[in-house]
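Everything on this sheet refers to the single structure shown next.
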Amino acid sequence: MALYNDGHPARERAVDRSYSCLRDLQQHDPHPRFREQYEEFLEEMMARITLSFIDSAEARPNRPTGIKVGALGIRGETKEVQAALDTPVPVATMSYSLGEEAASILSMHREVQERGKLPLAEAEAVVRSLSIAMHGDQEMILPLLQLREFDEYTTTHSLNVSVLVMALAESLGLAQQDVRTFGIAGLLHDLGKVNIPQDILNKPGKLTDEERQVMQEHPVAGARLIIESGRRLDLAAAVAHEHHIMINGKGYPHQHYPRDCHKASKLVHVCDVYDALRTKRPYRDAWDAQRVLAYIEERAGTEFEPAAAGAFVKMMRKVEGGIQLSPMPPQNDAAPARAAAQGNGAGPVSAAGDGP
Ligand SMILES: [Fe+2]
Ligand SMILES: [Fe+2]
């Protein structure tokens with residue numbers, strides 16, 4: 001519901017699906033139908049869940065519905081009631097397939113390819129939806145979708161980097177408005193790849209010099225696309241431009257006058273490399289989480305800003321304790337390093353960096 005405006009079929013489907021679950025529950029105890037109020041009730045719930053995220057201007061005024069919401073009081077406490085109260089309530093977890101968000105990104109990319117313009121409202125809606133999902137379910141912090149096809153990579157990678165950078169920004173105590181702005185920058189960091197031919201993006205072997213040059217144009221192309229799409233996206237444009245620049249000045253695009261990158265670019269850089277290395281690509285296997293975190297730690301101070309790398313590794317280690325990381329395909333331990341070193345560029349950086 002958070003992803004679409006009033007009247008959108010996907011939104012109607014969500015309400016219908018949820019309403020039919022409710023009707024099933026009511027089968028033995030029929031009550032008056034209240035489909036309209038029910039939709040308003042869902043909106044009210046959504047606003048409550050996401051209040052910290054939604055701008056105050058966007059917050060909906062309380063609309064009275066026929067459904068009462070609030071804490072439940074129990075009168076006349078008996079032993080049974082007390083026993084029921086003492087029994088721990090199982091915690092519900094939600095799981096998200098993110099199919100709608102992935103479809104939204106695909107259509108966003110298509111629009112950029114066809115019209116050269118970014119549909120900003122859609123990008124914002126995807127980030128809002130990701131943030132809602134993140135706060136409802138810890139598992140969202142991890143790489144989200146298992147890839148079925150390689151050409152889905154750009155879509156899932158955008159979603160993953162967006163979620164990871166929002167979680168990282170949140171763990172650093174940034175304000176919600178900044179968290180969301182960083183999330184949009186994460187979502188759009190590789191936008192410049194929309195016009196790179198698939199056979200270069202997914203080439204199983206080493207790129208030629210010419211192909212690598214095409215690949216390495218994506219930061220500038222992305223920043224240009226974002227700037228041309230208009231207002232309020234200057235941070236996303238900066239991140240698109242800077243996300244392959246290392247703190248030692250290496251990486252690309254080449255800086256004629258070395259300067260510090262924006263904090264958001266440094267955070268996106270870490271998240272970008274993490275997600276890229278965790279994902280199986282045509283030119284190398286996926287790395288397991290521990291290995292990627294060790295890689296990030298090792299390169300803190302040369303490739304990554306130490307504070308950004310340290311916070312990211314700390315966050316992911318904490319999360320890993322309670323949550324299963326996405327299953328890894330069995331692999332020959334020596335193979336990924338070799339494949340990464342060959343990469344589709346030069347060295348592990350481009351295995352992580354050209355690929356993402
Ligand atoms: Fe990139
Ligand atoms: Fe990337």
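Below, all heavy atoms of this structure are taken into account, side chains as well, without hydrogens, waters or symmetry copies. Both counts, for ligands and for their atoms, begin at 1 and track the order of listing.
- At a cut-off of 2.8 Å, His244 is counted among the residues with an N, O or S atom near the Fe ion (ligand 1).
- Put simply, the side chain of Arg284 gets close to the backbone of Thr279: a donor and an acceptor are under 3.5 Å apart.
- Angle OD1(Asp190) to the Fe ion (ligand 1) to NE2(His243): 90° [nearest 10 degrees].
- Taking Ala185 as the reference, Ala236, Val239 meet the side chain to side chain contact (heavy atoms under 4.5 Å, CB included) condition, with sequence neighbours excluded.
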Trace of the side-chain hydrogen bond (donor to acceptor under 3.5 Å, both in side chains) decision for His244 with His218: CA-CA 10 Å; His244 287 286; His218 81 269; 3.1 Å; yes
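- Asp272 lies apart from the Fe ion (ligand 1) in this respect, since none of its N, O or S atoms is found at a distance under 2.8 Å.
- Taking the charged nitrogens against the carboxylate oxygens, Arg212 and Glu217 have no contact shorter than 4.0 Å, which rules out a salt bridge.
- Angle NE2(His157) to the Fe ion (ligand 2) to NE2(His189), rounded to 10°: 90°.
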